[in-house]
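Quick notes on the structure that follows.
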Amino acid sequence: MPELPEVETTRRGLAPHVEGHIVTAATLRRPDLRWPIAEEIQRVLPGQRIDAVRRRAKYLLLDTQAGSALLHLGMSGSLRVVPADTLVRAHDHVDLVLDTGRLLRFNDPRRFGCLLWQPPGEVHELLAGLGPEPLSDEFDGDYLYRLSRGRSAPVKTFLMDQRVVVGVGNIYVAEALFEAGVSPLRAAGKVSRERYVALAEAICRILGHAITRGGTTLRDFISPDGSPGYFEQELSAYGRGGEPCPRCGRPLRQAAIGQRTTVWCGHCQR
DNA sequence: CAAGCGTCCTGGTGGC
DNA sequence: TGCCACCAGGACGCTT
């Protein structure tokens with residue numbers, strides 16, 4: 001599923017095939033994903049040149065002079081650049097036809113994704129309240145420490161709040177908490193400055209590493225899917241409930257925190 | 001303002 | 001073997 005590293009990988013894979021090229025047409029095979037697809041995708045985008053492909057949080061923006069297509073991959077979405085005669089498969093919801101003779105094809109089985117429009121000079125309201133990028137200078141342990149004071153929600157929930165920091169999903173938060181030795185249940189406001197420093201470092205390191213690994217799938221980005229999933233073997237906590245803790249060997253605990261399955265070591269994480 | 005929870009959707013899994 | 005209930009996931013938006 002596309003987490004921040006996959007979205008960044010998608011952006012990097014897309015950019016060389018898309019930037020500087022003109023969208024000649026848009027084919028919509030269904031009117032809505034999570035929300036109705038913005039009408040500008042068919043009315044305004046065709047004829048425009050894509051100047052840049054940007055990422056904000058898990059959103060991608062295709063910038064043109066007339067505005068930006070704003071898309072989110074949800075949990076099952078993918079974007080591929082394919083030859084124009086490529087067979088349409090299930091859940092290929094949108095094609096942007098490029099002047100290169102290829103298509104930018106959006107596939108999303110579960111339709112948690114979206115394809116919206118951001119007029120020039122505006123910031124879409126979905127992006128307006130987002131917290132800092134985890135790999136930017138704005139994000140560090142001090143920032144987390146300051147923002148968390150007085151918060152009673154579990155630190156896991158706090159870190160997954162996109163207003164606090166973007167791009168930290170259920171998988172990476174589990175890994176970061178494990179690496180930093182912090183219990184996901186601890187109230188955010190009761191976590192010390194030192195431990196937030198460790199958490200921020202863990203988040204940066206894990207996301208950065210995952211992006212590096214995502215880079216390996218860049219090469220065959222255009223070819224049919226089948227990317228191996230770089231992370232599964234490397235995960236310490238996520239998806240390993242009941243298995244021995246990689247550090248102390250005691251069984252990892254699993255429970256729901258904030259409606260989300262959470263795995264952690266009751267011994268190593270305090 | 002903060003926190004908690006329902007909701008959207010579909011493929012994959014595990015149980016019977 | 002077939003069927004079905006259930007779960008996973010991000011994030012909005014409503015309620016408390």
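In what follows, chains are A, B, ... by sequence order, proteins preceding strands, each numbered from 1. Everything numeric here is computed off the predicted structure, so don't read it as measured data.
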Return the set of residues passing side-chain hydrogen bond (donor to acceptor under 3.5 Å, both in side chains) with [X] (not counting sequence neighbours), or none when no residue passes.
X      : result
A:E194 : A:S192
A:T262 : A:K156
A:D95  : A:R29, A:R105

Exercise for review: Using only heavy-atom distances, determine whether the side chains of A:H21 and A:D99 contain a donor-acceptor pair under 3.5 Å.
Suggested key: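 The answer is yes; a qualifying pair exists.
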Review point. Looking just at side-chain N and O atoms, do A:H17 and A:R102 make a donor-acceptor pair shorter than 3.5 Å?
Key: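 Their side chains do contain a donor-acceptor pair, which is all the 3.5 Å distance test asks for.
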Provide a list of protein-nucleic acid N or O atom pairs under 3.5 angstrom, restricted to nucleotides 2-5 of chain B.
residue, atom, partner, partner atom, Å
B:dA3, OP1, A:S152, N, 2.7
B:dA3, OP1, A:S152, OG, 3.3
B:dA3, OP1, A:A153, N, 3.0
B:dA3, OP2, A:R151, NH1, 3.3

Review point. Taking only N and O in the side chain of A:T261, is any of them less than 4.0 Å away from OP1 or OP2 of C:dC7?
Key: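 No, because none of the side-chain N or O atoms of A:T261 sits under 4.0 Å from OP1 or OP2 of C:dC7.
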Side-chain atoms of residues 127-140 of chain A: list all donor-acceptor pairs with protein atoms under 3.5 Å, sequence neighbours left out, distances to 0.1 Å.
residue, atom, partner, partner atom, Å
A:E133, OE1, A:R55, NH1, 2.9
A:E133, OE1, A:R55, NH2, 3.3
A:E133, OE2, A:R56, NH1, 2.9
A:E133, OE2, A:A57, N, 2.6
A:S136, OG, A:E133, O, 2.8
A:S136, OG, A:E138, N, 3.4
A:D140, OD1, A:D142, N, 3.2
A:D140, OD1, A:Y143, N, 2.9

Exercise for review: Apply ring pair (Phe, Tyr, Trp, His ring centres under 6.0 Å) to A:Y59 and list each qualifying residue two or more places apart in sequence or on a separate chain.
Suggested key: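 With sequence neighbours excluded, A:Y59 shows a ring pair (Phe, Tyr, Trp, His ring centres under 6.0 Å) to A:H72, given in chain and number order.
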Under 3.5 Å donor-acceptor pairs involving side-chain atoms of residues 114-122 of chain A, not counting sequence neighbours:
residue, atom, partner, partner atom, Å
A:Q118, OE1, A:H124, N, 2.7
A:Q118, NE2, A:E122, O, 3.2

Review point. Atom NE2 of A:H124 to atom P of C:dA11: distance rounded to whole Å?
Key: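 To the nearest whole Å, that distance equals 14 Å.
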Review point. Is the CZ atom of A:R247 crowded by more than 12 outside heavy atoms at less than 6.0 Å?
Key: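 Enclosed: over 12 neighbouring heavy atoms sit under 6.0 Å from CZ of A:R247.
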Point to revise | Inter-end axis angle, the helix from B:dA2-C:dT16 to B:dC16-C:dG2, with every axis fitted to five base pairs (rounded, 10 degrees) | key: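 The value is 50°.
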Check your understanding: Who passes salt bridge (Lys or Arg N to Asp or Glu O under 4.0 Å) against A:E243, sequence neighbours left out?
Key ->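 Counting only residues at least two positions away or on another chain, A:E243 forms a salt bridge (Lys or Arg N to Asp or Glu O under 4.0 Å) with A:R240.
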Distances under 3.5 Å only, N/O to N/O: pair up the protein atoms with those of nucleotides 9-12 of chain B.
residue, atom, partner, partner atom, Å
B:dC9, O4', A:R110, O, 3.4
B:dC9, O3', A:R111, NH1, 3.3
B:dT10, OP1, A:R111, NH1, 2.8
B:dT10, O2, A:R110, NE, 3.1
B:dG11, OP1, A:H91, NE2, 2.7

Report each atom pair, protein N/O against N/O of nucleotides 12-15 of chain C, whose distance is under 3.5 angstrom.
residue, atom, partner, partner atom, Å
C:dC12, OP1, A:Y59, OH, 3.3
C:dC12, O4', A:R34, NH2, 3.1

Check your understanding: When you measure from the side chain of A:R149 to the backbone N and O of A:Y145, does any donor-acceptor pair fall under 3.5 Å?
Key ->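 At least one qualifying donor-acceptor pair exists.
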Review point. Other than A:I257, what residues sit in its cluster of Ile, Leu, Val, Met, Phe, Trp and Tyr side chains whose heavy atoms are under 4.5 Å apart, directly or through others?
Key: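 When side chains under 4.5 Å apart are linked, the cluster holding A:I257 also contains A:L185, A:W264.
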Review point. Between A:L96, A:V53, A:V23, which is the residue that forms a side chain to side chain contact (heavy atoms under 4.5 Å, CB included) with A:L104?
Key: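 Among A:L96, A:V53, A:V23, the one meeting side chain to side chain contact (heavy atoms under 4.5 Å, CB included) with A:L104 is A:L96.
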